[in-house]
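These notes concern the structure reproduced below.
Note: hydrogens, waters and symmetry copies are ignored here, and every other heavy atom, side chains too, is used.
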Amino acid sequence: MHEEYMRQALDLARQAAACGEVPVGCVIVKDGAVVGRGRNRREERQAAWSHAEMEAMAQANRALGTWRLDGCTLYVTLEPCPMCAGAILNARVSRVYFGARDREMGACGGVMNLFMEDFPHPPALVGGVLEEECAQVLREFFRGLREK
């Protein structure tokens, strides 16, 4: 089931790439239902915080009528950055599954692991879900940029 949700996140990442955005997609699930979806929209919105996770969490907040996302599982194609990891902690997301590791900005083990610090309500964390597919979408996007 985790791979199915990650495939949905990959579809969102591909949509982001088609719009010229870094291809990252995110899906949030509660009780077997998708309650939030997001993709990178930084270029479109010219907003530093328009990451896939932030977009998906905002949608989940609206869908559930609360800022608390306890009991939710977040699936994202790229390891969350410090901003998104902080928001995940603040929203009390219960579980995080990510695809590709981010050695430059990753805050779940790529550079450091914010979830290992002494914050309340850290989520369970699983990395490497469909890792190669997630990484390939990113590689293709950046290869295309270099060729331009």
Side-chain angles (χ1 to χ4, degrees), residues 1-19 21-45 47-142:
M1 195 48 145
H2 301 301
E3 289 185 357
E4 175 54 36
Y5 292 126
M6 190 61 78
R7 288 188 201 293
Q8 291 183 39
L10 272 164
D11 287 343
L12 290 161
R14 289 182 184 101
Q15 289 174 26
C19 293
E21 300 278 355
V22 173
V24 180
C26 181
V27 172
I28 299 176
V29 177
K30 183 163 186 169
D31 300 326
V34 174
V35 295
R37 289 181 176 85
R39 65 171 180 81
N40 268 357
R41 294 179 188 270
R42 287 189 308 175
E43 298 299 329
E44 173 186 331
R45 297 196 172 145
W49 56 85
S50 287
H51 287 201
E53 299 96 321
M54 302 297 275
E55 300 275 323
M57 284 189 284
Q59 191 176 90
N61 293 147
R62 289 189 299 274
L64 298 172
T66 180
W67 63 267
R68 289 179 177 89
L69 298 180
D70 50 325
C72 290
T73 302
L74 184 148
Y75 297 87
V76 63
T77 58
L78 181 64
E79 176 183 354
C81 73
M83 175 183 68
C84 293
I88 288 165
L89 284 166
N90 277 287
R92 301 180 183 177
V93 171
S94 298
R95 288 167 302 284
V96 173
Y97 290 83
F98 70 85
R101 177 81 56 200
D102 187 346
R103 301 279 180 213
E104 293 180 14
M105 291 296 291
C108 301
V111 174
M112 54 108 47
N113 190 340
L114 201 57
F115 299 154
M116 295 295 290
E117 300 301 321
D118 196 23
F119 292 106
H121 316 291
L125 179 64
V126 177
V129 178
L130 299 181
E131 182 174 15
E132 183 51 37
E133 288 179 57
C134 293
Q136 184 63 31
V137 169
L138 288 157
R139 280 193 299 270
E140 288 172 6
F141 176 79
F142 287 112

Using the test side-chain contact (heavy atoms from CB on, under 4.5 Å), find all partners of Arg68 that sit at least two apart in sequence or belong to another chain. Thr66, Asp70, Arg92
Taking atom [atom1] of [X] and atom [atom2] of [Y], what is their separation to the nearest 0.5 Å?
X	Y	atom1	atom2	answer
Thr77	Leu12	OG1	CG	8.5 Å
Arg7	Cys134	CZ	SG	9.5 Å
Met1	Thr73	CE	OG1	11.0 Å
Phe119	Met116	CZ	CE	13.0 Å
Ile28	Asn61	CD1	CG	7.5 Å

Closest non-hydrogen atom pair between [X] and [Y], with its separation:
X	Y	result
Val27	Ala9	CG2-N, 3.7 Å
Leu74	Cys26	CG-SG, 3.6 Å
Met83	Met54	CE-CG, 4.2 Å
Tyr5	Gly32	OH-O, 3.2 Å
Leu89	Pro122	CD2-CA, 3.8 Å
Ile88	Pro80	CD1-CG, 4.0 Å

Under a 4.5 Å cut-off applied to non-hydrogen side-chain atoms, are [X] and [Y] in contact?
X	Y	answer
Trp67	Asn90	no
Val126	Arg95	no
Ser94	Leu69	no
Met57	His51	no
Asn40	Pro23	no

Between Glu55 and Arg42 (salt bridge meaning N to carboxylate O under 4.0 Å), is one present in this structure?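 Not counted as a salt bridge, because no side-chain N and carboxylate O are separated by less than 4.0 Å.
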Should Arg39 and Glu44 count as an ion pair when the cut-off is N to O under 4.0 Å?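 Salt bridge flag = yes for Glu44 with Arg39.
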Sub-3.5 Å donor-acceptor pair from the side chain of [X] to the main-chain atoms of [Y], do we have one?
X	Y	value
Glu21	Glu43	yes
Gln59	Arg37	yes
Glu79	Gly127	no

Assign the ring pair His2 / Tyr75 to parallel, tilted or perpendicular, where the plane angle (0 to 90°) is split at 30° and 60°.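 Rings of His2 and Tyr75: tilted, 30 to 60°.
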May I ask you to check whether over 12 heavy atoms, not counting those of Glu132, lie within 6.0 Å of atom CD?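 Enclosed.
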Among Leu125, Leu114, Val76, which residue meets the side-chain contact (heavy atoms from CB on, under 4.5 Å) test with Cys108? Leu125
